[in-house]
Structure formats: C-alpha cells, structure tokens
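These values consider heavy atoms only, across backbone and side chains, with no hydrogens, waters or symmetry-generated copies.
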Amino acid sequence: MELGSYSDQSKSTFSLADEDHTIANAVRFTLNQDPRVTFCGYSIPHPSDNRVNIRVQTTGDSAREVLKDACQDLMQMCQHVRSTFDKSVNDYKMSKTVKDMDIK
Amino acid sequence: MSSDEDESMSEQEEQTKSGKEDNGSVLDYIMSLESVPSKLPPHLELLKTRVLCKIDAPQHTDTIQYSGAYAALGVDNSIRLDNFRQNFKVQVNRLTEDDIEFDMIGIDPALANAFRRILIAEVPTMAIERIYMANNTSVIQDEVLSHRLGLIPIGADPRLFEYPENAGNEKNEKNTIVFKLHVRCERQQPRITVKSNELKWLPNGSELPSEDIKPNSSSKPKTFTSFSCSQDSLPEFSGNPIAPRNLDIILAKLGPGQEIELEAHAVKGIGRTHAKWSPVATAWYRMLPEVVLLKEVEDELAEELKNKCPVGVFDIEDIGKGRKRATVARPRSCTLCRECIRGGKEWEDRVALRRVKDHFIFTVESTGALPPEVLFTEAVKILEEKCERVITELS
C-alpha cells in the first residue's frame, strides 16, 4: 500500500503488511545506497500490528520506482550470496572427502 | 576537479618521478589515476570498517550506509552491485550433520541480520500441532504432554509438504503427518520411560473415528484426516519412513497400570507462530575480532600479556639473545573480555581490540529436519521471495 500525493511522486510512505524489521532494515540499507534517495527510514507503528511503514524521499524520481529498484538490488545481492555460499559449501565438501580418503 | 586534488596529484607525480626517473611510467601513472579518489584517508577508513573496543565502551559501532556520507571528501560510499560481487566471500570453517560455521565477508549487518532473523522465525518445518488424546492415566497432564510432543523435531523435509491453510484446513496426505503413541506399563512391572521412539508413523492417516460408529454401517468410519493415498506410496517417503529426528527424547514416565494412548498430527509452520517450528536450535553471528599490538611488547611484559588473556590469544616468540616478544597468535578466540587492556593507560596504549564490521562468523545449529547448509540457502531464498512480493505489489 502506498501513501503519497499525485502531484509530487518523489515522496511516499509504503506500508507493507505481514513484514517486519527483517525486510525493512535490509531495504533501508539498499535505499541508502541509492544516490537518488535523500531520505529513507522505516517504522513499526505498533508491535502488535504485523505492518511496517517505509518512508522514501528522492531527489525527483518516483519514490515507487526507487523502492522497486532497491528491492531489485537486494534480490540480486541475495542471489549472489546464495551462489557464493553454495559454491563454498561444495568446495568444502569436496576437500573434506579428499581428506577423509587420505586417512583411510 | 578542485585545486586541492590537482595539488595532491602533482605531489604524487613528483614522488613517482623521483622514485623512478622514467617519464613514460609517470604518464601511465597519471593516466591510471581516477578523477574520484576511491579510498578514504586511513583514520576514517579505520572508523568506517572497525568497531574500536575501548576499556569502557565500544566506539564507532554504527555502519555508514548512506551513499553520500563522504561526498565532501569526494569519496563514493555506495556499494555497487559489481563491487559487492567482487568483494563478497564465504569461507566454510566447519560443517557437520547438525551445524555449520562459516565466515561471511563483505556484507552489511542489515543483510546478515535479515538472514539470521529468517533462519530463526521464517524457515518452515514440520511440528506436532494437534493431539487427540484417547487415554492418559499417567501423572503427566494432557496439556503438558501435548506441549512436550509439540517440541519434538520431526525428521521430514518441509519442502515436500504444504501449509494446512492452503487446503482450507482439510487434512490430507500433502499437509499432515500422523503419529500414534500407545504405551502401557503392566501391573507388577517396573516403571517404564516413554521415549520419542514410541511415536509410530501412520502413513495412512488417522485411525481414530471422528464420529460415533454406527452399529450396522458397512462403510469405514470417518477419521480425523482424509488421505487420498498412503504417504509411504509416495516416492519421496517410500524407503525413508518419517520419524522423530531424535529417538531418545524422554516424553513421560509410566508407573504400573498407567497408560498413554494418543494420536499426534504434525503440520507445516514457521517459527514466528511458535518456536516449535523453528528449524534451528539457534543461529547467530559475531564480528571477527582483531587484536593489534600497537607497540612492541617484550620480555616480562610479554609474559604478563600472555598470562592476562584467559583464552590464549597471545603467544611469545624468541627474538634471539634470550629476548622475548609477544605476538597475536589466535585473534579469533578473542572474546573481547578486555582483560588485556585492563591495568592502566599503558596497557590501553599497547593493545588495540577491534572488530571488523563486515566480517561475520555465522553459526547455524539445525534441529535436524534439514541440513544446516540447506537451511541457510532456504533463508536467502525467503528474503528473495519477500523482495519479489514487494516488487509485484508496487508494479
């Protein structure tokens, strides 16, 4: 859900249901990395509500697009983390089987 | 370009000139210079990348995320994706059936913490959710026994099951695992201990009738589940029957004449709903400790320093002529107890304790439903799905 104005799309608050610090803090990190962002932050209005508000203000671009790009960046970072992790685990398993064979 | 930068460039140019006396290489050097300096001065780099653990409190604990934080210095602070890809590293230190320890280098705590939170609260597992108590004459109350059963890790891959909400809370072979527990301690016999190995898998679903059996009805009585086929006929379970992951968990004790008969239904869920669905015993990370000797510590002082540290971070090396010098041999085992910098200002000046802000020693202890390395990849996938959800909602 987006709360903003039609006349000025460079500032908006996005309200994500069923989310918490996990994604809000990670997205805030990628938003901060974006030079188009002048302000970003998130809040959880009430701890019993499963909802997080993310505020994005930009230098002029549409806040919605900037947030989408931030999510895209985060997703690509995750994909890279996953492939690097899988590779390291496989390398470790390979080296371990070689070592085990040496013992026998 | 500012005049300041011009000046520093010409200085560097002079230095290279005096060093090499070769005009060609100087030109190459100038051409290789970037218009935007990519490195911070060392004192700022230290505050950006390290937490300084001082005697009374840690300093510079925050991470500088804002891309324009060093704009005044002409340094770009944004982590570009290709930059991240170049610098990000994973090094596995230990991998067993139940736990993994690995180093994750070059990542922001915001992401590392997201992975940790997802591991604990959002990676699904199977856990016992409903108990149908047919008989319980033991001393342990129904609700306490039910709670104990709920906490037993089930050795079933949750990826092969669906959430019960997807089937409109109908219990079919795709979302429910049924176990039976029936133990009795006969009279004149010694007391017995009921362990989790007594939980027997019922691949055909519940055996308890859910309504009164009509005396002259020929059809099979309705039970609490509606399985369309037996679970052990499914290719993923034929050959490896479902059972509790640990078979020696004590559930109850029975005295002579006591009996427990019940049926337990396990469903898929996540740790946010209840901790019994958490796939990890725990998942945590710590930043890599860095111990630096700022001055040479020699002879008796070296001996003193070595003895100060309760976890043996320091070692002593001989430097000839009977003299000794302290070295940092095992910085990883440093617990930051700060014992080494206690004992006066002079010790604070000799040893610096730091933590590397983007180097995480990540440990995942699995409860056994999935191997720990799979758990971590599942956690990363869940974060990707979350991003995807936001993107589709915004489009």
Side-chain angles (χ1 to χ4, degrees), chain A residues 1-2 12 14-40 50 52 54 56 59 62-96, chain B residues 63-69 71 76-81 84-85 88-95 100 102-118 121-122 272 362 371-374 376-395:
Chain A
M1 186 174 67
E2 184 179 351
S12 271
F14 301 87
S15 193
L16 308 182
D18 295 323
E19 292 296 352
D20 57 1
H21 297 279
T22 306
I23 188 156
N25 195 31
V27 165
R28 189 187 61 168
F29 161 68
T30 45
L31 277 170
N32 259 321
Q33 293 294 319
D34 195 325
R36 292 174 294 175
V37 175
T38 51
F39 174 84
C40 67
N50 257 331
V52 56
I54 301 177
V56 184
T59 51
S62 145
R64 172 188 289 253
E65 291 306 316
V66 170
L67 180 61
K68 254 159 74 178
D69 287 353
C71 288
Q72 196 70 42
D73 276 1
L74 182 57
M75 213 160 84
Q76 282 173 350
M77 278 171 129
C78 285
Q79 279 160 2
H80 181 70
V81 168
R82 196 146 55 92
S83 59
T84 316
F85 178 79
D86 285 345
K87 199 175 157 287
S88 298
V89 168
N90 281 338
D91 286 353
Y92 181 82
K93 280 181 179 165
M94 291 292 279
S95 69
K96 212 179 164 201
Chain B
T63 49
I64 289 129
Q65 296 179 339
Y66 175 45
S67 60
D76 181 18
N77 191 44
S78 63
I79 301 171
R80 304 251 166 263
L81 264 179
F84 172 74
R85 290 205 179 100
F88 181 71
K89 277 188 206 74
V90 172
Q91 169 79 45
V92 180
N93 302 328
R94 187 180 74 237
L95 174 61
I100 185 170
F102 59 94
D103 283 22
M104 207 160 52
I105 308 157
I107 195 165
D108 193 85
L111 276 168
N113 193 40
F115 297 145
R116 184 192 64 85
R117 285 175 64 96
I118 293 173
E122 293 182 57
R272 191 161 52 179
F362 214 108
E373 72 274 20
V374 177
F376 186 79
T377 41
E378 287 298 307
V380 181
K381 272 187 209 164
I382 288 173
L383 189 56
E384 281 170 41
E385 280 161 24
K386 278 169 179 286
C387 296
E388 219 169 88
R389 211 199 99 195
V390 176
I391 292 171
T392 45
E393 265 181 39
L394 289 176
S395 318

Is it the backbone or the side chain of [X] that comes under 4.5 Å from a heavy atom of chain B, or both, or neither?
X	result
Val27(A)	neither
Glu65(A)	neither
Lys87(A)	neither
Asp86(A)	side chain

Mind checking the [atom1]-[atom2] spacing from [X] to [Y]? Nearest 0.5 Å is all I need.
X	Y	atom1	atom2	result
Cys40(A)	Gln65(B)	SG	CD	8.0 Å
Asn25(A)	Leu111(B)	CG	CG	9.0 Å
Asn32(A)	Ile64(B)	CG	CD1	11.5 Å
Thr84(A)	Arg85(B)	OG1	CZ	9.5 Å
Asp34(A)	Ser67(B)	CG	OG	7.0 Å
Cys71(A)	Ile391(B)	SG	CD1	5.0 Å

Practice task
Carefully, step by step, assess Met77(A) and Leu383(B) under the rule side-chain contact (heavy atoms from CB on, under 4.5 Å).
Solution key: CA-CA 10 Å; Met77(A) 278 171 129; Leu383(B) 189 56; over 6 Å; no
Problem - Expected output: side-chain Thr22(A) to main-chain Ala114(B) donor-acceptor under 3.5 Å - result: no
Exercise for the section: Answer yes or no: does atom CD of Gln79(A) have more than 12 heavy-atom neighbours from other residues, nucleotides or ligands under 6.0 Å? Expected result: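 Yes - once you tally the heavy atoms of other residues, nucleotides and ligands closer than 6.0 Å, there are more than 12.
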Practice task
Quick one: closest heavy-atom pair of Val37(A) and Tyr66(B), and the distance?
Solution key: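 Heavy atoms of Val37(A) and Tyr66(B) come nearest at O-CE1, 4.2 Å.
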Exercise for the section: Could you have a look at Asn113(B), Thr63(B), Ile118(B), Asn93(B) and say which one has the most heavy-atom pairs with chain A under 4.5 angstrom? Expected result: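 Of the candidates given, the most pairs with chain A belong to Asn93(B).
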Quick check on [X] against chain A: is it the side chain, the backbone, both or neither that has a heavy atom closer than 4.5 Å?
X	result
Ser395(B)	both
Leu95(B)	both
Arg272(B)	side chain

Exercise for the section: Kindly state whether the ring of Phe85(A) and the ring of Phe102(B) have centres lying under 6.0 angstrom apart. Expected result: yes
Fill in the blank from the handout: Given Arg28(A), Lys93(A), Glu19(A), Arg82(A), the one with more heavy-atom pairs under 4.5 angstrom with chain B than any other is Arg82(A)
Practice task
For chain B, find which of His21(A), Gln33(A), Lys68(A) contributes the most heavy-atom pairs closer than 4.5 angstrom.
Solution key: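 With the most close heavy-atom pairs to chain B, the winner is Gln33(A).
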Problem - Passing candidate, side chain to side chain contact (heavy atoms under 4.5 Å, CB included) with Met75(A), options Glu385(B), Glu388(B), Lys386(B) - result: Glu388(B)
Practice task
Over 60° means perpendicular and under 30° means parallel, so classify the ring planes of Phe84(B) and His80(A), tilted if in between.
Solution key: perpendicular
